[in-house]
Amino acid sequence: MNNHDEGHPGSVLLCDELFLQLRTKITDLQRASSLRWCGFFQQGKKRFAFVSHRRRNERLEIWFLGEAESLDAYPSLNIRQRTPTSGGFGKDFKSRFYLDDTSQLEEAVDLLFNVSYQASG
């Protein structure tokens with residue numbers, strides 16, 4: 001896992017496009033980069049998505065808040081549930097998916113806006 005600036009160029013572009021599309025739905029959406037993640041959030045609310053970049057391919061791994069009522073509503077994302085943990089991150093971020101190309105962006109934006117962002121308080 002790598003930070004935004006060290007990711008594969010395709011991975012960086014996918015993260016940028018995801019951010020830009022979410023920003024059309026979320027006023028003042030912000031992105032903070034750390035050594036391992038890009039965190040998406042709105043000021044005054046907690047981070048609702050953590051994005052991990054790959055160095056050798058375009059893939060993003062995205063952990064998100066909330067519980068998708070019907071994971072079947074997002075078939076291209078192949079959402080995976082986390083094994084239950086007691087730690088803060090594992091307790092709040094129970095699911096993840098991989099974003100491999102722009103064909104999945106519409107579903108990813110819908111999930112992150114309607115499920116994860118809504119759970120960010």
Side-chain angles (χ1 to χ4, degrees):
M1 292 182 255
N2 300 288
N3 72 20
H4 187 83
D5 295 329
E6 294 177 0
H8 182 280
S11 175
V12 171
L13 287 174
L14 267 178
C15 183
D16 290 343
E17 187 61 31
L18 179 65
F19 178 76
L20 290 172
Q21 287 191 28
L22 277 168
R23 198 165 66 179
T24 66
K25 296 178 172 282
I26 302 170
T27 306
D28 300 326
L29 179 66
Q30 296 181 36
R31 173 174 54 184
S33 182
S34 69
L35 290 177
R36 293 183 56 185
W37 306 95
C38 281
F40 290 10
F41 66 100
Q42 186 180 46
Q43 196 65 39
K45 296 185 178 186
K46 67 179 168 178
R47 283 167 172 69
F48 63 88
F50 283 94
V51 178
S52 172
H53 303 80
R54 296 297 184 258
R55 186 174 287 180
R56 293 189 177 111
N57 59 42
E58 297 181 14
R59 176 175 266 194
L60 298 176
E61 179 181 22
I62 302 169
W63 288 90
F64 63 94
L65 279 179
E67 310 226 9
E69 299 272 326
S70 172
L71 299 181
D72 295 337
Y74 308 100
S76 79
L77 300 181
N78 191 24
I79 297 168
R80 298 179 180 165
Q81 300 291 328
R82 172 191 286 281
T83 303
T85 66
S86 59
F89 185 87
K91 185 177 169 189
D92 293 336
F93 291 85
K94 299 175 184 175
S95 303
R96 68 182 169 153
F97 62 91
Y98 293 105
L99 191 61
D100 292 306
D101 59 61
T102 57
S103 69
Q104 298 170 291
L105 276 172
E106 186 176 340
E107 283 188 18
V109 168
D110 188 71
L111 169 72
L112 292 175
F113 178 71
N114 289 309
V115 176
S116 192
Y117 172 70
Q118 303 305 323
S120 69

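In what follows, residues are counted from 1 in the order of the sequence shown.
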Task: L112 CG to Y74 OH distance, which is reported to the nearest 0.5 Å - done: 9.0 Å
- [ ] State the CD-NZ distance between Q118 and K45, to the nearest 0.5 angstrom.
- [x] 7.0 Å
Task: Which atom of V51 lies closest to which atom of C15, heavy atoms considered - done: CG1-SG, 4.2 Å
Task: Closest heavy-atom pair and its distance - S116, A49 - done: OG-N, 4.4 Å
TODO: Considering non-hydrogen atoms only, spot the tightest contact between Q30 and F19 and give its length.
DONE: C-CE1, 3.6 Å
Task: L60 side, atom CG; H53 side, atom NE2 - distance, nearest 0.5 Å - done: 5.5 Å
Task: Worked verdict on Q21 versus E106 for side chain to side chain contact (heavy atoms under 4.5 Å, CB included) - done: CA-CA 9 Å; Q21 287 191 28; E106 186 176 340; 5.7 Å; no
Task: Between Q81 and S95: side-chain donor-acceptor atoms closer than 3.5 Å - done: yes
Task: Rounded distance [0.5 Å steps], CG in D92 versus CZ in F48 - done: 14.5 Å
Task: Shortest non-hydrogen separation from A108 to L99 and the atoms involved - done: CB-CD1, 4.1 Å
TODO: Inspect the contact between D110 and K25 and indicate whether a charged nitrogen and a carboxylate oxygen are less than 4.0 angstrom apart.
DONE: no
Open item on the list: Assess the residue pair Y98 and N78 against the criterion (side chain to side chain contact (heavy atoms under 4.5 Å, CB included)); give the C-alpha distance rounded to whole Å, side-chain angles, the decisive distance to 0.1 Å, and a yes or no.
Closed with: CA-CA 7 Å; Y98 293 105; N78 191 24; over 6 Å; no
Task: Sidechain-backbone polar pair: Q104 side chain, D101 backbone, donor-acceptor under 3.5 Å - done: yes
Open item on the list: As an exercise, state the distance from OG1 of T27 to CD of Q43, rounded to the nearest 0.5 Å.
Closed with: 13.5 Å
TODO: Over 60° means perpendicular and under 30° means parallel, so classify the ring planes of F64 and F97, tilted if in between.
DONE: tilted
Task: ring-ring contact (aromatic ring centres under 6.0 Å, His included) partner of F93, chosen from F50, W37, W63 - done: F50
- [ ] Decide yes or no on side chain to side chain contact (heavy atoms under 4.5 Å, CB included) for I79 and L111, but give the supporting numbers first.
- [x] CA-CA 10 Å; I79 297 168; L111 169 72; 4.0 Å; yes
- [ ] Kindly compute the distance separating CZ (R23) from CG (D16), expressed to the nearest 0.5 Å.
- [x] 10.0 Å
Task: Flag side-chain contact, heavy atom, 4.5 Å: E107 against P75 - done: yes
Task: Which atom of L18 lies closest to which atom of V109, heavy atoms considered - done: CD1-CG2, 3.9 Å
Open item on the list: Under a 3.5 Å cutoff, is there a donor and acceptor pairing between the side chains of Y117 and Q42?
Closed with: yes
